[in-house]
Amino acid sequence: MSPRLSFRHGVHPPERKELSAAAKIRRMPFPSEVVLPLSQHTGKPARLIVAEGDRVERGDKLGVAEGFISSPVHASASGTVAGIDLWPHPDGTYKPAVRITVHPYSAQAPRPRIVPHWEDLAPGGIVQAVQDAGVVGLGGAAFPTHVKLSPPKDVQIDTLLINGAECEPYLTTDHHIMLEYPERVHLGIRIMMRALSVDRVMIGIERNKPDAIEAIRATLPTDLDVTVHPLTVKYPQGAEKMLIKALLGREVPSGKLPLHVGVVVQNVGSVAAIAEVFETGLPLIERIVTVSGRGIRQPSNLIVPVGTKVRDLIAACDGLTEDAHEIVFGGPMMGAPQASLDVPILKGTTGVIVLSRDETKPKESYACIRCGHCLDACPVFLNPQLLGQLALAGRYEETEAHHIWDCMLCGCCSYVCPSNIPLSQLFQVTRTAIGRLKALAAA
Amino acid sequence: MPRKATSGQVFTRGMWRENPVLIQMLGLCPALAVTNTVVNGLAMGLATFFVLFCSSLLVSTFRKLIPQEVRISTYILIIATFVTIADMTLEAMVPEIHKALGAFIALIVVNCMILGRQEAFASKNTVGRSLLDAVGTGIGFIIALLLMGAIREVLGYGTFVGIPIYGANYEPWIIFILPPGGFFTIGFILLALNWWERRKLERARPGEVPGRIAVERAA
Amino acid sequence: MRLPQLLVTASPHLKGPDTTPKIMWNVVGTLVPVIAAAGYFFGFGALLVVFAATLGSLLTEWVFGPKGSLRDGSGVITGLLLGLTLPPGFPLWMAFIGGVVAIGFGKLIFGGLGQNIFNPALLGRAFLQAAFPVAITTWPVGGGGFWDVRAENLSLPFMGLGQTDTVTGATPLGLMKFEGVATAVRDLFLGTIGGSAGETSALVITLCGGYLALRNFLNWRIPISIFITVAVLSELLHLLNPAYPGPLFMLFSGGLMIGAWFMATDMVTSPVTHKGCWIFGAGIGALVVIIRLWGGLPEGVMYSILIMNAFVPYINRATQPTVFGTRVTEAAS
Amino acid sequence: MSGAGAGNGEKRVLPQAPEGAPPAPEPKEVPAWRLLLTLGAAGALAGLLIVFVYQVTQPRIQAYKAMMLRLAVSEVLRAPARWDTLYVYEGALTATPPEGVVAEDTVFLGYREDGIRVGFAITGAEPGFQDFIELIFGYDAETSTVIGMKVLSSKETPGLGDKIEKDSAFVAEFEGPEVPLQGVKAARATGAANEVDMITGATISSRTVIGIINHQLERLGPMLEAYLEEAS
Amino acid sequence: MGDLFWIFISAMVVNNFTLFYFLGLCPFMGVSGRVYTALRMGAANIFVLTVASICAWFLNAFVLPYAPYLKLISFILVIASAVQITEMTIKKLSPALFRALGIYLPLITTNCAILFMAWTQANRGYNFFQGLAFAWGAGAGLTLALVLMASIRENLLFSKVPEIAKGNAIVFIIAGILSLAFMGFAGLLST
Ligand SMILES: Cc1cc2nc3c(=O)[nH]c(=O)nc-3n(C[C@H](O)[C@H](O)[C@H](O)COP(=O)(O)O)c2cc1C
Ligand SMILES: Cc1cc2nc3c(=O)[nH]c(=O)nc-3n(C[C@H](O)[C@H](O)[C@H](O)COP(=O)(O)O)c2cc1C
Ligand SMILES: Cc1cc2nc3c(=O)[nH]c(=O)nc-3n(C[C@H](O)[C@H](O)[C@H](O)COP(=O)(O)O)c2cc1C
Ligand SMILES: Cc1cc2nc3c(=O)[nH]c(=O)nc-3n(C[C@H](O)[C@H](O)[C@H](O)CO)c2cc1C
Ligand code: SF4
Ligand code: SF4
Ligand code: SF4
Ligand code: SF4
Ligand code: FES
């Protein structure tokens with residue numbers, strides 16, 4: 001038995017993965033319209049290069065990367081650009097998006113293209129190809145992957161961590177990728193190892209996915225130093241700092257990045273996406289999404305064209321149940337609630353969770369009783385109790401002194417708080433406010 | 001620049017509206033330490049009154065002669081003199097009370113209320129006005145001490161000026177003559193004053209949220 | 001498709017099982033056996049005292065508290081615990097006043113649930129002890145049937161115990177302190193002794209407190225550190241001078257058990273950090289030993305907890321957790 | 001009104017400027033002799049007043065003190081006709097201590113009308129429940145009994161600890177018990193000659209009273225006996 | 001030695017100047033808003049008390065036997081001047097220390113706690129070391145009360161204290177509760 005790999009604190013929410021764990025990945029039919037926001041990733045939005053009325057083929061560029069920390073956006077279906085307008089974005093705002101009316105009779109076959117042969121490419125070439133393909137992190141943050149693949153010269157990366165933790169309840173996306181496409185994951189790892197010139201890879205998978213662990217183990221390449229590590233089941237095991245702590249025992253310094261401790265963390269989905277780029281030559285235009293929760297009739301794991309509206313996704317899962325109450329993009333712990341059925345699935349959307357009335361949390365909250373449960377839950381060892389009070393009192397400078405910027409908004413504190421105080425939400429709001437104040441001060 | 005107060009105002013304001021203890025929070029320690037009975041409070045009040053009155057008289061009389069540089073030392077010297085006199089007089093006349101008040105008579109010397117009145121008023125005003133001010137402030141001080149003493153004695157001993165007022169079987173609330181009771185009593189008085197003040201505000205301006213004012217004040 | 005009325009709330013969208021009222025009502029539930037034991041050992045009068053204290057608490061909460069605050073259950077705990085710290089023969093009107101003071105000046109004046117600094121129940125008791133020191137140190141002698149209600153219980157409001165010249169039994173601590181007589185530890189453990197209603201059966205209290213600790217409704221570090229400190233200090237002193245009582249006596253006598261399990265652990269008035277809880281508990285333990293052995297009063301649990309309550313804001317300040325990744329930064333630089 | 005915010009203590013008029021610096025720059029220089037003169041005049045006036053009042057009040061204060069002492073001594077020594085004041089000096093009692101030294105303690109030896117010694121009156125002080133309890137007690141060295149006790153000053157809790165002076169039953173306990181005294185709870189009294197019933201609810205104050213007497217006698221007892229032997 | 005220890009403990013907790021004798025309440029109400037300020041105020045208090053204790057011992061031993069009626073006047077004037085002189089010395093020797101304590105010194109020099117300490121020390125006839133133990137006990141007690149109150153008040157900033165209790169009322173009530181809690185130490189000297 002391998003050692004218990006974990007981090008301190010954290011919480012154990014009900015997993016509820018059984019809803020979709022047995023559903024094999026299937027492809028959903030193309031919807032009649034897809035909506036592709038130009039900002040689907042961390043960093044600058046892509047720059048538009050098509051106009052209304054243009055005909056586009058599946059895989060064509062709609063926008064190009066604007067600078068290094070940016071990523072292009074590609075058409076996920078063949079059709080006509082019906083409009084370029086402000087469209088509801090999963091983050092709750094309206095953002096510029098390209099709306100494509102899907103050609104109803106198209107075979108949706110991409111035009112023939114050259115598949116780059118990764119073994120012949122220098123690391124820089126791989127990075128370029130990854131950027132051109134618009135690959136971003138599929139683990140949720142949608143950070144452009146090519147940036148992670150090009151570490152600064154002065155840091156030495158010694159380990160590549162593959163994040164297969166999938167600690168969020170309900171989600172089974174990464175689970176099924178590992179279960180059904182283990183070879184693709186390994187191919188992606190090979191490519192990344194070449195791009196990063198590292199020779200050690202560790203794959204961390206939570207123990208609640210024994211079949212995925214088995215599948216990945218069974219297909220491990222024998223010529224490389226790639227190892228699989230079952231992890232303790234605990235949220236947020238998949239957060240990169242926690243993963244690094246669990247697997248390597250290293251602590252990423254406050255305010256620093258994993259590369260400062262010589263590590264790059266990549267989600268299994270992102271790795272598989274890289275492999276696909278070099279298998280098919282297609283850019284990142286579809287992804288696997290878990291649709292789950294008691295509010296959906298048929299929980300599924302679907303291959304979804306990026307830009308599909310939730311409405312269509314739900315229809316592909318037999319629709320909502322009577323008591324469907326809340327729709328969340330991502331997992332229920334960190335995911336964003338959606339007010340509209342028109343928001344599109346993005347590259348970084350790991351799942352769509354439809355919570356029924358009895359799964360949503362109670363609304364009534366009480367005064368903080370200083371129980372300290374939030375301190376026990378916080379994986380970054382903050383004092384959410386104090387931070388919450390400071391935030392409520394508007395004492396922003398002190399929140400900064402108490403490391404509000406180290407908070408990863410994982411929601412553990414809110415989850416355990418018996419008084420139901422929306423702590424992590426408060427921190428998010430406070431950080432936005434601090435940012436605005438600073439911008440004002442700078443201007 | 002506020003208007004110069006009339007003589008009447010000079011006389012009455014210290015009694016209640018600007019009561020030195022309850023409103024200005026000056027001279028707190030005697031107000032708490034010796035008010036476990038009405039009589040002690042009264043004796044302390046009278047002694048303080050005497051010192052305040054005599055010091056104001058002297059300071060305002062000689063205000064033009066006392067140079068800035070040594071004025072504080074001079075005031076302290078004057079105050080200390082009268083306190084010593086009060087101390088010895090009380091000891092000779094009412095030794096029992098003198099014993100009950102203990103060191104707190106000597107502490108009148110540092111009672112910030114007295115020095116404050118010299119610095120803020122007697123050194124700048126005529127003898128007449130200064131005496132009016134001293135009498136007003138002194139009465140205010142006595143009122144506060146009597147109020148404290150009455151509450152504490154009635155609850156803590158079940159007597160008023162030594163006379164039992166509840167009959168024999170009353171169970172006294174000893175806490176009120178102990179130190180915590182002193183703090184609680186002035187706390188209660190301030191609560192009552194605040195409540196009264198807010199009620200007045202609410203009546204004066206119906207519809208307005210009085211909470212805001214108090215929040216500003218507390219901030 | 002049917003357009004549902006969508007709920008939009010911030011993440012996380014899941015909520016842990018514990019809620020504040022649930023914790024509070026659980027504590028109320030675990031107090032039931034303790035109260036039952038008090039009734040068993042002291043008779044109906046003890047139950048009346050608990051009832052009067054609770055009535056005072058709840059009425060005050062209802063009249064002056066925020067709307068609906070009775071439902072969260074914390075006011076009930078305050079009343080019950082206050083009642084359990086009083087002698088079974090305590091005049092009911094005084095117990096009622098204690099409840100009023102506990103909630104009014106222990107809790108509501110600070111803003112209500114969660115915002116008070118001092119343990120309300122103990123504040124209520126400290127007030128009563130200072131106001132009516134004789135009544136609160138008048139311990140009934142045993143005997144009498146369950147239904148015998150003492151005359152003192154029913155004394156009229158604002159009136160004293162009367163000149164009935166009550167025969168007072170002594171508590172084990174009083175006996176020890178003032179007359180050098182030790183009580184058998186077995187009696188202490190089972191509860192067949194004199195004392196406040198809740199100071200009796202260490203067995204029942206430990207079982208109930210242990211249940212709360214297992215469910216994480218109280219921080220076990222606090223009682224444990226209290227017990228360890230008291231045991232170690234009293235063992236050391238006992239070795240130095242056998243006239244001092246030994247650790248078992250110290251642990252099982254007086255209000256230490258109910259204080260450590262139910263009162264020091266009030267989350268509102270104890271530190272939020274684990275390190276803080278250890279310090280808090282150790283402080284209480286040390287103060288208990290100091291007051292019991294050298295102080296003027298036979299029992300010091302109540303004062304020890306109140307004093308340490310006053311230190312809690314400072315302890316919280318001083319024991320902030322070390323943020324993830326900051327130790328490394330310091331080491332690296 | 002109660003704009004009296006919490007910061008009031010800082011706002012009030014301070015004896016000196018808050019920065020602790022000398023007074024702000026003056027418009028015109030005041031010559032030093034005037035400063036000294038002012039202070040000197042004030043000092044002289046103050047001295048004069050004080051000395052005058054001192055002269056007037058001192059006799060009464062002294063008289064009162066003497067009266068209190070007389071009352072106390074006559075109370076604990078059952079109204080003796082006269083008494084000697086003895087000083088404890090270098091482990092012995094003496095009626096006339098050497099000039100200029102401060103005696104460690106004083107005791108009073110009382111005589112009846114017929115010249116027979118009643119006993120010693122001894123003072124003592126120890127911390128009680130709140131603060132020091134100071135008392136005087138009469139002691140008959142021949143029979144080794146305490147013959148009276150009076151509390152001179154205490155700050156014990158009214159209604160509880162102050163019973164040591166106000167509860168006549170307790171005070172009467174000290175007429176006749178043998179030393180060393182033994183404090184007991186009324187319920188457990190055995191009737192032994194050295195027992196003193198303690199006050200319920202004020203055990204600590206009672207014990208302090210008993211303790212003061214025992215400790216003083218432990219210390220002074222041998223001296224008293226030595227003095228008596230020498231005198232007879 | 002034991003004697004000195006008990007004098008210290010007595011002045012610090014059993015008969016805490018602020019909580020039982022109500023001394024130094026004005027600075028207590030004024031500067032107990034922040035822990036940092038309270039700590040510095042406490043240090044300044046200990047400093048002035050030390051100076052005052054030495055002065056009082058000196059006066060009591062050499063001056064008052066000859067002129068008892070000058071007790072009050074001499075205490076107040078000598079303590080004030082001595083503090084002034086030490087203050088100027090500190091300013092020269094250690095400007096940093098002066099900055100930390102300086103602004104509080106005038107505030108407390110003529111403060112009741114200081115005078116009471118000197119007065120009581122003289123009345124009880126303490127010798128030099130007993131006097132210092134008394135002064136430091138008193139200073140430690142003042143600091144303790146200040147710091148506890150300050151940390152509680154910092155915490156109170158987060159509480160929804162009812163409007164009528166805001167300001168001084170709640171501070172007095174907390175002081176009352178502290179005083180009540182410290183009653184647990186009563187009698188600590190008697191056994
Ligand atoms: C300016 C910038 C540079 C970054 N550089 C790297 C990098 O070189 N290597 C890397 O692993 N991650 C890098 N990141 C990404 C973060 O480490 C992290 O993966 C991203 O913020 C999302 O993390 P999450 O999914 O845990 O929230 C960078 C982020 C930013 C904002
Ligand atoms: C609280 C929290 C939990 C996370 N959990 C996971 C997870 O279970 N699996 C995962 O792949 N990424 C998770 N992430 C994101 C990772 O930190 C990290 O950004 C990601 O693994 C990097 O890979 P990517 O760039 O390929 O997405 C989590 C982040 C946070 C802040
Ligand atoms: C407010 C208060 C005041 C007290 N005052 C005194 C006191 O003045 N003298 C005293 O001996 N005990 C005093 N006590 C101590 C208790 O009454 C103590 O329990 C008692 O001395 C023990 O005696 P008992 O065994 O006869 O009850 C006081 C207690 C409290 C709570
Ligand atoms: C474990 C636990 C212990 C508690 N102990 C007390 C207590 O000793 N006294 C009290 O008044 N309330 C107690 N409460 C109730 C509640 O926390 C208390 O009334 C708050 O202090 C009110 O703000 C307790 C609650 C819990 C969960
Ligand atoms: S919480 Fe983060 S790590 Fe876990 S499944 Fe979701 S995105 Fe992945
Ligand atoms: S949201 Fe922030 S404060 Fe709360 S547990 Fe997560 S990291 Fe800690
Ligand atoms: S979990 Fe909630 S109630 Fe408990 S300390 Fe944290 S914020 Fe307060
Ligand atoms: S003596 Fe000091 S603390 Fe007391 S009232 Fe006067 S200034 Fe305030
Ligand atoms: S009133 Fe006491 S220092 Fe000012």
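Here is the naming used below: chain letters follow the sequence lines, and residue numbers restart at 1 for every chain. Every value quoted in this text rests on a predicted model; they were computed, and no experiment measured them.
Taking each heavy atom of Ser419(A) and Thr20(C) in turn, the nearest pair found is OG-OG1, 2.7 Å.
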Practice item. Carefully, step by step, assess Thr273(C) and Leu375(A) under the rule side-chain contact (heavy atoms from CB on, under 4.5 Å). Key: CA-CA 7 Å; Thr273(C) 60; Leu375(A) 281 90; 3.7 Å; yes
Check your understanding: Between Leu113(C) and Ile369(A), is a side-chain contact (heavy atoms from CB on, under 4.5 Å) present by the stated rule, with each step listed?
Key -> CA-CA 7 Å; Leu113(C) 176 66; Ile369(A) 55 167; 4.0 Å; yes
Review point. Can Val323(C) and Leu382(A) be said to form a side-chain contact (heavy atoms from CB on, under 4.5 Å), step by step?
Key: CA-CA 6 Å; Val323(C) 176; Leu382(A) 301 177; 3.7 Å; yes
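A distance-only check finds a donor-acceptor pair linking the side chain of His373(A) to the backbone of Asn216(C) [under 3.5 Å]. For the pair His13(C) (side chain) and Gly335(A) (backbone), a donor-acceptor distance under 3.5 Å is present. Judged by distance alone, the side chain of Gln425(A) and the main-chain N or O of Ser11(C) form no donor-acceptor pair under 3.5 Å.
Judged as a side-chain hydrogen bond (donor to acceptor under 3.5 Å, both in side chains), the pairs with a partner in residues 255-266 of chain C (not counting sequence neighbours) are, in order, Asp266(C)-Thr269(C).
Screening Pro418(A), Cys371(A), Cys368(A) for a side chain to side chain contact (heavy atoms under 4.5 Å, CB included) with Met267(C), the sole residue that qualifies is Cys371(A).
Using a 4.5 Å cut-off between heavy atoms, Arg317(C) makes no contact with chain A at all. With a threshold of 4.5 angstrom between heavy atoms, Thr322(C) approaches chain A through N, CA, C or O but not through any side-chain atom.
Note that CZ of Phe324(C) is 5.5 Å distant from NZ of Lys245(A), once rounded to the nearest 0.5 Å.
Residues passing the side-chain contact (heavy atoms from CB on, under 4.5 Å) test with Ser69(C), sequence neighbours excluded: Glu61(C), Pro66(C), Asp72(C).
No donor-acceptor contact under 3.5 angstrom links the side chains of Ser254(A) and Thr326(C), judged on distance only.
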